[in-house]
Novice: 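Provided herewith is a single structure, encoded as structure tokens, for subsequent inquiry.
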Amino acid sequence: IELFLADLSRMADVRKLATEVKSRTDRLDVLINNAGALFMSRQLSPDGFEMTFALNHLAYFLLTQELQALVEKTANEHGAARIINVASNAHHRAGQLNFDDIMHERGYSGFPVYCRSKLANILFTFELARRLQQRGVHNVTVNCLHPGFVASGFGLNNSPLMQLVMKLGSVFAISPEEGAKTTLYLATSPDVQSETGRYFVK
């Protein structure tokens with residue numbers, strides 16, 4: 001087990017993380033992107049991106065792009081590799097991505113912005129799977145999932161009132177162990193070794 005630390009809201013840190021991983025290993029069988037934060041007030045990342053979009057989506061996109069060659073090399077040498085993006089069924093409430101206001105400068109509202117970031121995760125998954133297939137890369141699968149409402153401390157970075165709401169809501173949440181099941185299934189099960197470009201729940 002090796003630990004690498006990075007601030008995923010900083011694109012330089014994401015690149016540094018990828019470089020460190022590549023310097024320490026020549027094999028990456030499974031890449032699991034799992035980041036999700038809710039910011040009820042609009043914030044900017046150190047790079048000037050809207051924070052939710054930077055952390056919840058751009059980090060997935062950039063880390064995957066930086067490690068994709070290693071994932072493909074692993075698949076070619078060892079038979080298969082997998083990329084998994086943890087999304088959320090909150091994407092159902094996202095409506096559409098507004099590329100004219102991707103930085104959410106107008107009418108900011110925390111939860112809808114979170115929902116759109118998770119929709120971006122799913123669309124990224126589908127498009128990456130399509131592009132790999134189009135290139136003839138059939139031994140790398142790309143899937144995404146909704147883990148459920150997990151008691152993970154999600155949302156506790158906000159105001160005391162929001163913290164109270166999230167703590168009360170966590171009574172109905174599942175444990176982190178239960179929440180990890182779909183991710184682990186996609187990472188390890190032979191049942192989905194040829195499935196790609198799919199969205200999984202439970």
Novice: Yes or no on side chain to side chain contact (heavy atoms under 4.5 Å, CB included) for Thr52 and Gln43, after CA distance, side-chain angles and deciding distance?
Specialist: CA-CA 8 Å; Thr52 305; Gln43 300 177 40; over 6 Å; no
Novice: Ignoring hydrogens and angles, tell me if any N or O in the side chain of Arg42 forms a donor-acceptor pair with the backbone of Met103 under 3.5 Å.
Specialist: yes
Novice: Taking Ser175 for its side chain and Glu178 for its backbone only, find out whether a donor-acceptor pair lies under 3.5 Å.
Specialist: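 Such a contact is found between Ser175 side chain and Glu178 backbone.
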Novice: Is Arg27 salt-bridged to Asp29, going by a charged N under 4.0 Å from an acidic O?
Specialist: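 A salt bridge is present here (some side-chain N lies under 4.0 Å from a carboxylate O).
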Novice: Is it possible for you to say whether Leu184 and Val86 belong to one hydrophobic cluster, with membership spreading through side-chain heavy-atom contacts below 4.5 Å?
Specialist: no
Novice: Could you label the plane-to-plane angle of the His104 and Tyr108 rings as parallel, tilted or perpendicular, counting under 30° as parallel and over 60° as perpendicular?
Specialist: perpendicular
Novice: Is it true that a side-chain atom of Asn34 and a backbone atom of Asn85 form a donor plus acceptor pair closer than 3.5 Å?
Specialist: no
Novice: Phe126, Leu186: one ILVMFWY side-chain cluster at the under-4.5 Å cut-off?
Specialist: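 Phe126 and Leu186: separate clusters.
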Novice: Cys115 and Arg93: which non-hydrogen atoms are nearest, and at how many Å?
Specialist: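 Residues Cys115 and Arg93, closest heavy atoms: SG-CB, 4.0 Å.
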Novice: So how far is it from Phe200 CZ to Ser189 OG, rounded to the nearest 0.5 Å?
Specialist: 9.0 Å
Novice: Please say whether more than 12 non-hydrogen atoms of neighbouring residues, nucleotides or ligands are located less than 6.0 Å from CD in Gln96.
Specialist: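 Result for CD/Gln96: open.
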Novice: Between Glu72 and Leu132, is any pair of side-chain heavy atoms under 4.5 Å apart?
Specialist: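 Yes; the side chains approach each other to less than 4.5 Å.
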Novice: Can you name the closest pair of heavy atoms from Ala35 and Lys118 and give their distance?
Specialist: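 That closest heavy-atom pairing would be O-NZ, 2.9 Å.
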Novice: Search all heavy atoms of Ser88 against all heavy atoms of Ile122 and return the closest pair with its distance.
Specialist: O-CD1, 4.3 Å
Novice: Is there a donor-acceptor contact under 3.5 Å from the side chain of His146 to the main chain of Asn89?
Specialist: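 Between the backbone of Asn89 and the side chain of His146 there is a qualifying donor-acceptor contact (under 3.5 Å).
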Novice: Is there side-chain contact between Tyr199 and Asn143, with heavy atoms separated by less than 4.5 Å?
Specialist: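 The answer is no; the side chains never approach within 4.5 Å.
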Novice: Ignoring hydrogens and geometry, is there a side-chain-to-backbone donor-acceptor pair from Asp13 to Leu17 under 3.5 Å?
Specialist: no
Novice: What are the two closest non-hydrogen atoms of Ala18 and Glu66, and how far apart are they?
Specialist: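 Looking at all heavy atoms of both residues, the closest pair is CB-CB, 3.4 Å.
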Novice: Starting from Leu3, can I reach Val21 by hopping between I/L/V/M/F/W/Y residues whose side chains sit under 4.5 Å apart?
Specialist: no
Novice: Would you say the side chain of Thr141 lies within less than 4.5 Å of the side chain of Ile83, judging by non-hydrogen atoms?
Specialist: no
Novice: Supply the atom-to-atom distance His57 NE2 to Leu97 CG, rounded to the nearest 0.5 angstrom.
Specialist: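 Atom-to-atom, His57:NE2 and Leu97:CG are 8.0 Å apart.
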Novice: Apply side chain to side chain contact (heavy atoms under 4.5 Å, CB included) to residues Arg106 and Asn98 and explain how you reach the verdict.
Specialist: CA-CA 11 Å; Arg106 300 186 296 272; Asn98 181 0; 4.2 Å; yes
Novice: So, do Phe53 and Ser45 sit near enough that their side-chain heavy atoms are less than 4.5 Å apart?
Specialist: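 In short, these two side chains do not touch, never coming nearer than 4.5 Å.
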Novice: Where is the tightest heavy-atom contact between Gln68 and Leu128, given as atom of each residue plus distance?
Specialist: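 Closest approach of Gln68 to Leu128: OE1-CD1, 3.8 Å.
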Novice: Are Asp7 and Arg10 within salt-bridge range, i.e. N to O under 4.0 Å?
Specialist: yes
Novice: Looking at Glu20 and Arg24, is there a salt bridge between them, counting it only when a charged N and a carboxylate O are closer than 4.0 Å?
Specialist: no
Novice: Enter the distance from Ile32:CD1 to Leu63:CG here, rounded to the nearest 0.5 Å.
Specialist: 12.0 Å
Novice: So, taking the atom named CZ in Arg198 and the one named CD in Glu195, what distance separates them when rounded to the nearest 0.5 Å?
Specialist: 4.5 Å
Novice: Do Val14 and Leu8 touch side chain to side chain, with heavy atoms closer than 4.5 Å?
Specialist: yes
Novice: Counting only heavy atoms not in Lys73, do more than 12 sit closer than 6.0 Å to its NZ atom?
Specialist: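 It does: Lys73 NZ has more than 12 such atoms within range.
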Novice: Considering only heavy atoms from C-beta outward, does the side chain of Asn121 approach that of Cys144 to under 4.5 Å?
Specialist: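 The answer is no; the side chains never approach within 4.5 Å.
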Novice: Atom CG of Leu28 and atom NZ of Lys22: how far apart are they, to the nearest 0.5 Å?
Specialist: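 If I round to the nearest 0.5 Å, the distance is 10.5 Å.
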Novice: Compare all side-chain heavy atoms of Phe49 with those of Leu55 and state whether any distance is below 4.5 angstrom.
Specialist: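 No. Closest side-chain heavy atoms not under 4.5 Å.
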Novice: Are Arg116 and Glu50 close enough for a salt bridge, meaning some N to O gap below 4.0 Å?
Specialist: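 No salt bridge links Arg116 with Glu50.
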Novice: Nearest 0.5 angstrom please: Glu2 CD to Thr25 OG1, how far?
Specialist: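 Taking CD in Glu2 and OG1 in Thr25, the distance rounds to 8.0 Å.
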Novice: Asn33 and Tyr60: which non-hydrogen atoms are nearest, and at how many Å?
Specialist: O-OH, 3.2 Å
Novice: Val201 versus Leu145: any side-chain heavy-atom pair under 4.5 Å?
Specialist: no
